[in-house]
Every structure is written in structure tokens, then in C-alpha cells.
Protein chains: 2
Amino acid sequence: MKEKATSFDIAHIAGVSQSTVSRALNNSPLVNLETRQRIQQIARDLNYKVDKNASNLRKQKSNTIALLLFEDPTSDDSMINPFFLSMLGSITRACATAGYDLLVSFQNLDDDWHAEFEDSNKADGIILLGYGDYTAYRTKLAQLEEQGTHFVRWGAHDENHPGVSIGCDNYQGGRDVTEHLIGLGHKTFAFIGDAQSHAPEFQARFMGYQDALKKHGLLCANHRQFNAISTEDAGYEASQLLLNEDNLPDVIVCASDLIALGVLKALRQTSFRVPEDVAVVGYDNIPVSAFATPALTTVRQNTKRAGELLVTTLIKAINKEPVEDYLMPAELIVRQSCGSK
Amino acid sequence: MKEKATSFDIAHIAGVSQSTVSRALNNSPLVNLETRQRIQQIARDLNYKVDKNASNLRKQKSNTIALLLFEDPTSDDSMINPFFLSMLGSITRACATAGYDLLVSFQNLDDDWHAEFEDSNKADGIILLGYGDYTAYRTKLAQLEEQGTHFVRWGAHDENHPGVSIGCDNYQGGRDVTEHLIGLGHKTFAFIGDAQSHAPEFQARFMGYQDALKKHGLLCANHRQFNAISTEDAGYEASQLLLNEDNLPDVIVCASDLIALGVLKALRQTSFRVPEDVAVVGYDNIPVSAFATPALTTVRQNTKRAGELLVTTLIKAINKEPVEDYLMPAELIVRQSCGSK
DNA sequence: CTGAAAGCGCTTACAG
DNA sequence: CTGAAAGCGCTTACAG
């Protein structure tokens with residue numbers, strides 16, 4: 001392994017000063033075109049690469065974005081929520097396009113994640129991805145904002161939340177899927193998924209759902225909603241509670257596909273058929289949802305677009321351009337699990 | 001946003017020299033315990049974080065690993081092969097455990113990826129993930145090795161390949177699944193998936209498959225193998241070729257689950273039933289495989305373990321400890337798509 | 001146990 | 001258009 005070349009080595013070979021080498025490699029028009037090309041050629045020959053640590057240190061900028069995936073402590077030890085996983089591709093690509101590197105890390109919600117990446121100058125800004133307890137989360141966001149950290153998060157739009165967010169219209173999604181179910185002639189409904197303020201995405205989906213039912217006079221007094229975080233297990237367990245009740249609703253609306261998968265699993269162990277006896281719908285359109293039996297009717301959030309927006313918005317913030325929240329429309333995906341007319 | 005504190009600020013407040021601050025923050029036993037604690041407390045109060053660029057530059061080490069995902073140019077623009085995606089979780093976690101940061105990037109196989117990350121001191125080593133044309137790939141690996149770059153790749157064990165690899169026994173996996181199918185009474189077989197040397201993983205699976213057939217005298221003269229890269233589309237298209245043939249085999253063995261998914265899709269458009277008329281098996285045990293209709297019999301490669309091994313092996317290599325190839329056993333997962341006795 | 005000093009490899013005013 | 005010099009914020013011999 002040869003010693004790594006430095007800009008001084010190149011300067012020596014080219015017979016110019018190191019300053020000129022640095023300028024030439026950064027394509028500065030200040031440097032004579034011919035010497036610039038000569039220097040660049042030498043750099044190529046030597047397989048020279050600018051030392052990022054040195055250049056970042058000097059420029060006080062890293063051209064790196066940190067992606068923090070935080071999770072509920074309950075989720076599996078090495079699995080990432082498939083919904084967030086599906087954003088990773090476009091985030092990575094958007095970063096590459098913009099000339100940023102991407103640092104990925106998990107973050108336990110309980111951890112002390114004071115924007116370590118930005119504070120240590122390893123990253124210029126942070127993307128936050130994850131469903132977690134919003135109450136705890138909020139405090140940390142406020143802290144980040146106070147420190148002047150650049151960050152963008154995926155999540156619910158909220159008038160007074162700290163920082164900027166990119167999200168999908170959860171209220172509209174919940175309403176649309178419910179309207180569709182009502183149009184299909186279903187009359188009795190149940191909802192599985194957390195619907196408190198600590199899970200604002202799910203809560204918004206639930207509100208949309210509830211309002212659609214109300215509008216059609218279908219929100220009966222004994223309507224049931226079961227709490228569940230976004231895992232298959234939680235969906236399975238909530239289903240047991242629901243199955244212990246006297247009568248099954250026409251439809252089980254789930255706050256996420258993962259929950260719906262758990263519901264389907266629970267129903268498979270009963271004599272009830274989906275969608276004949278009971279319809280089931282999910283939310284997120286994770287890859288597996290199309291392959292479930294029956295294929296899940298769900299609500300798609302455009303993850304490709306989301307990833308791009310997350311990155312471009314963060315970069316704007318880093319460059320001190322004005323940024324604002326963005327709410328993407330949700331898109332109903334009708335498959336078999338909701339039944340048909 | 002307050003100015004970021006430096007070690008000099010802390011030194012000033014603590015009334016010691018900056019060297020002492022640096023030592024104290026690195027927990028050096030050289031520093032008096034009491035002053036050490038006092039300095040650490042001040043650092044905490046100031047929300048001070050060591051500047052990574054400066055410390056990396058000085059130490060000539062970044063404590064960062066770069067993960068390069070390279071792909072066939074044909075694959076979708078923002079999707080990552082789900083098999084590799086499933087390693088990401090354990091890789092991320094293993095890095096965190098070892099105190100390394102993780103840089104993630106895509107790499108087009110055609111690109112000029114001369115270990116830029118390590119050369120520029122942004123990373124101490126590289127993990128390579130992807131199925132690609134091995135012929136082109138090999139040359140680049142040799143180049144990396146020559147440059148003294150630390151890298152570990154996921155892939156086929158190969159006596160004379162450059163660098164170190166962590167992989168799963170593809171030959172054994174191909175053989176085991178085929179033996180199982182033979183035990184089920186199936187007599188005629190076809191294989192879908194590339195089986196040339198430019199795709200060594202698939203080739204090894206094919207060899208195991210072929211040897212199992214030979215052993216039982218079932219490798220007939222007109223045995224058919226259809227090329228396909230690892231995508232659903234390729235599997236679908238290869239199926240069309242197969243369906244145009246005179247007679248359908250008892251089993252279609254696919255070199256990957258993605259291919260098998262395409263095969264199932266193609267068969268769904270015919271009157272043939274799986275597994276009654278034709279059995280189908282995949283390879284990889286990607287999340288979707290369990291949800292396919294019928295659920296895919298497949299071969300599992302332990303991705304959690306793989307991710308951990310990739311990281312720990314690379315770190316050993318970075319620390320100049322001896323490392324060697326590791327071949328994990330493959331594990332047959334029997335589900336419905338292979339039929340039963 | 002502590003401090004003064006050198007230096008990691010760049011970028012960028014400043015001067016010419 | 002080019003060079004000499006300062007300095008980004010650390011770590012770590014070296015000296016005491």
C-alpha cells in the first residue's frame with residue numbers, strides 16, 4: 001500500500017504551489033486552464049483524493065446528511081419498519097444527486113440524541129424518520145431547534161411543532177379509504193391503531209375515518225377502537241380483543257399495513273373469511289401488502305417523492321433558504337381485502 | 001444559534017490548558033480524576049461535542065464504515081434489492097455497537113468507484129453489497145486490493161477472488177431445496193436464473209440443484225435452464241419462454257425469490273395451479289416470500305448474522321487483524337409452493 | 001499529572 | 001493568474 005498522496009506531492013510534481021493545486025482541483029477559474037488540466041491529470045494519475053476531514057474542517061461544512069431512524073422500543077431488534085425502509089432508496093439517491101453523503105443510524109427514542117452528528121460537524125443536517133411517542137419526541141425537537149440544528153422530519157403537520165416536516169395527508173387518507181368502504185355498502189366499523197395525541201399520524205387517520213362515518217350517520221354509539229402500535233403482533237393481539245366481542249363489524253380499518261397483517265393472521269385462525277365475512281384495510285402500501293391474502297386495500301404514501309422532498313428541503317434549510325411544511329396527498333389503493341359491491 | 005464551543009473555550013473556563021481538556025474528554029487516566037470530571041461537566045453544560053473533522057484529521061482515522069450497494073443497471077431506480085435491504089438493519093446496529101458510523105451509498109456498477117470513501121478518509125473501510133456482473137466486478141475488487149483499501153463483500157466464496165468475503169453456501173442451498181423436491185416425488189425440473197460465471201451465486205445454486213438431480217438420475221437430456229437476473233420482471237419473462245415449451249415440468253426452481261414471484265405471476269395468468277400442476281421454489285427468504293400465494297418454499301440466508309459478520313470482519317481488517325472468508329450454512333424453509341406428499 | 005508546541009491536509013483571504 | 005501564510009480544532013509526542 002503506497003502512502004496516500006497529498007496536495008503537496010502534486011504541487012511538487014507539477015512545479016506549482018500547493019495553493020494552486022487546491023484551486024485547480026476545485027476547478028477554480030482563477031487558475032490557468034492549461035495548468036488546471038495538467039494538475040488534474042497528475043491527481044488522476046496518483047489516484048489522489050482530497051482529504052475530506054481536512055477540507056471539511058477548513059470549510060466548516062461536511063456535505064453530509066445524517067439519517068436518524070428512531071423506533072419504538074418494542075420493535076424487533078434489527079428490523080426497520082418497512083415503510084421507512086422504502087424511503088431509503090430515494091433518500092440515498094437524492095443525496096447523491098445533490099452531492100451529499102448519507103450517514104445512517106438508529107436512534108433509540110429514549111436515547112440522548114442531541115443532534116450529535118451535526119454538533120460534531122459530521123453532518124450538516126439531520127433527517128428524522130420514525131413513528132414514536134410524540135410527546136417525548138416533541139421535547140427533543142424543540143431542543144434541536146433551540147440549538148440551531150438543521151433538521152427535517154417525516155410526520156404529521158402540526159401548527160406549533162418545532163422544525164419543518166414533510167408528511168402525507170393522514171386525515172384525507174383515513175377519510176378516503178372509509179368513504180370507499182361505505183360506498184361498498186359496509187355498515188359497521190372498528191378501528192385498530194393508537195388514536196391518541198402521542199401518535200399524531202394514526203390519530204389523524206382515525207379522525208378522517210371517524211368523520212367519514214359521522215357524515216354518513218354510521219358512527220354508532222358502541223363504536224370500537226383498539227389501541228395498537230404499528231407491528232404485526234400488536235395487530236394480532238388487538239384482534240383477539242375484538243374477536244372476543246359479541247359481534248364482528250363489517251370492516252376492520254387498521255392504522256397501518258403491519259397492523260392489518262396481524263389482523264389477517266388472527267382471522268385466518270377463525271372461521272371468518274376476508275373479505276366475505278369481514279373486510280380489512282391497511283395503510284402505507286408496504287411491499288408485502290400487495291401479496292397478502294387477500295391482497296390488502298390500503299393507502300399509499302408516495303415514499304419516493306417523500307425521500308426526495310426530505311432531502312431537498314433539508315438542503316434548503318442548510319443553505320438558509322426559507323422552508324416550509326409540505327403535505328402530500330394520500331392515494332387510495334383498492335385491492336381485494338375490502339370486498340366489492 | 002450560539003457559537004459552537006471548542007476545547008479552548010472549555011480550557012478557559014476550567015482554567016487548564018487545552019491539551020488537558022482534550023485528554024480529559026478522551027478519558028485519559030493521565031488526567032487527575034477530579035479535574036477530568038470537572039472538565040466533562042463543563043463540556044456537558046456547554047453541549048460541547050468534539051469536532052470529528054478535526055479529530056479524524058489528526059488521528060487519520062474516521063471510525064466510519066462505508067456501505068456500497070451496487071446494482072444491475074436494470075433494477076428500478078429507487079428500489080434496493082429486498083434481500084440486501086434486510087441486512088441493513090443488522091449492519092447499522094453492528095456498526096453502532098462497534099462505535100462506527102455508517103455511510104450508505106448506491107454505486108452504479110459501471111461507475112468509477114475507486115474506493116473514494118476510503119481514499120478521502122471519510123471511511124476506514126468498505127462493505128460491498130450487491131449482485132452484479134462478476135466479471136466487471138472482479139477487476140474493481142483487484143484494484144481496491146491493490147490500493148490497500150479495506151473491504152469486505154457479501155458473496156460467493158472463490159478461491160482466487162480478491163479480498164475477503166462473507167457468504168452463504170449457495171451450492172448447499174441449491175442442493176437441499178432440490179433434494180427436498182425430489183423427496184416429494186417430483187420428477188421433472190426446470191431452473192430459472194442466470195447460471196454463468198458472471199453470476200457466481202446463482203451459478204452455485206444451479207450446481208447444487210444439478211448435482212442433486214444427477215444423484216437421483218433425474219437430470220434428463222432435455223433439461224431446461226432459462227437465464228434471468230434477480231427481478232420479478234425477469235422471472236415473469238423467462239416464464240413466458242418456459243410456458244411456450246411443449247410440456248410443463250413438475251417443478252420450477254428459481255435462483256431467487258424475486259424471480260419466483262415473477263413466475264407465480266405468470267402462472268396465475270394460465271390455468272396451471274401452484275403447487276398442484278407445477279411447484280415453484282425461490283431463494284433468499286425475502287419478507288414478501290412468506291406472503292406470496294401460495295407461500296414460497298425458499299432458502300434462507302441469515303441476513304442478521306451476515307450483517308454482523310460483515311461489520312466485525314471489516315473492523316478486524318481495519319485493525320490489521322487476520323481475516324478470512326466465511327461461509328454460512330443455508331437453511332431450507334418449506335412452505336406451500338413446493339407441494340407436499 | 002500538566003502545559004507548550006507541532007502538525008494532520010486542506011481552503012482562502014491577502015499580496016503581488 | 002500565482003504564492004506565502006494563516007488557521008480550521010483537534011491529538012499527541014515532548015518536556016517538565
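By convention in this document, chain letters (A, B, ...) are assigned in the order of the sequence lines, proteins followed by strands, and residues within each chain are numbered from 1. Only heavy atoms go into these numbers, but all of them, side chains included; no hydrogens, no water, no symmetry mates.
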Donor-acceptor pairs are to be reported for all side-chain atoms of residues 21-28 of chain A against protein atoms at under 3.5 Å, with residues two or more places apart or in another chain.
unit_1: A:Asn26; atom_1: ND2; unit_2: A:Ser22; atom_2: O; d: 2.9
unit_1: A:Ser28; atom_1: OG; unit_2: A:Leu30; atom_2: N; d: 3.0

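- Straight-line distance from the NE2 atom of A:His12 to the C1' atom of D:dG3: 17 Å, rounded to whole Å.
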**Message:** Reading 5' to 3' and counting Watson-Crick or G-U wobble pairs with both distances under 3.5 Å, write the dot-bracket notation for DNA chain C, | for bases paired outside the strand.
**Reply:** |||.||||||||.|||
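- Residues passing the side-chain contact (heavy atoms from CB on, under 4.5 Å) test with A:Thr139: none are found, sequence neighbours excluded.
- The distance from atom CG of B:Asn27 to atom P of C:dC1 is 14 Å, rounded to the nearest whole Å.
- Under the salt bridge (Lys or Arg N to Asp or Glu O under 4.0 Å) criterion, A:Lys61 pairs with A:Asp124, not counting sequence neighbours.
- With sequence neighbours excluded, the residues forming a side-chain contact (heavy atoms from CB on, under 4.5 Å) with B:Ile315 are B:Ile65, B:Ala98, B:Tyr100, B:Val311, B:Asn319, listed by chain and number.
- With sequence neighbours excluded, no residue satisfies side chain to side chain donor-acceptor pair (under 3.5 Å) with A:Ser55.
- Taking atom NZ of A:Lys122 as the reference point, atom P of D:dC10 lies 15 Å away to the nearest angstrom.
- Not a single salt bridge (Lys or Arg N to Asp or Glu O under 4.0 Å) links A:Lys52 to another residue, sequence neighbours left out.
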**Complete:** A correct 5'-to-3' footprint of nucleotides 4-9 of chain D, with B, S and - meaning base, sugar-phosphate only and no protein heavy atom under 4.0 Å, is BBBBBB
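- A distance of 13.5 Å separates OG1 of A:Thr149 from NZ of A:Lys140, quoted to the nearest 0.5 Å.
- Rounded to whole Å, the distance from CG on A:Leu30 to C1' on C:dC14 is 13 Å.
- Nucleotide C:dC10 holds its C1' atom 15 Å from the CG atom of A:Asn63, rounded to whole Å.
- With no hydrogens or angles considered, a side-chain donor-acceptor pair links B:Asn47 and B:Lys49 at under 3.5 Å.
- Within the 4.0 Å cut-off from OP1 or OP2 of C:dT2, not a single side-chain nitrogen or oxygen of B:Thr20 is found.
- One can place NZ of B:Lys61 at 16 Å from C1' of D:dC10, the figure rounded to the nearest angstrom.
- Here, C:dG16 and C:dT12 have their C1' atoms 16 Å apart, quoted to the whole Å.
- The salt bridge (Lys or Arg N to Asp or Glu O under 4.0 Å) pairs that include a residue from residues 27-37 of chain B are B:Glu34-B:Arg38, where partners are two or more places apart or lie in different chains.
- Rounded to an integer number of Å, the gap from CG of B:Asn56 to P of D:dT12 is 12 Å.
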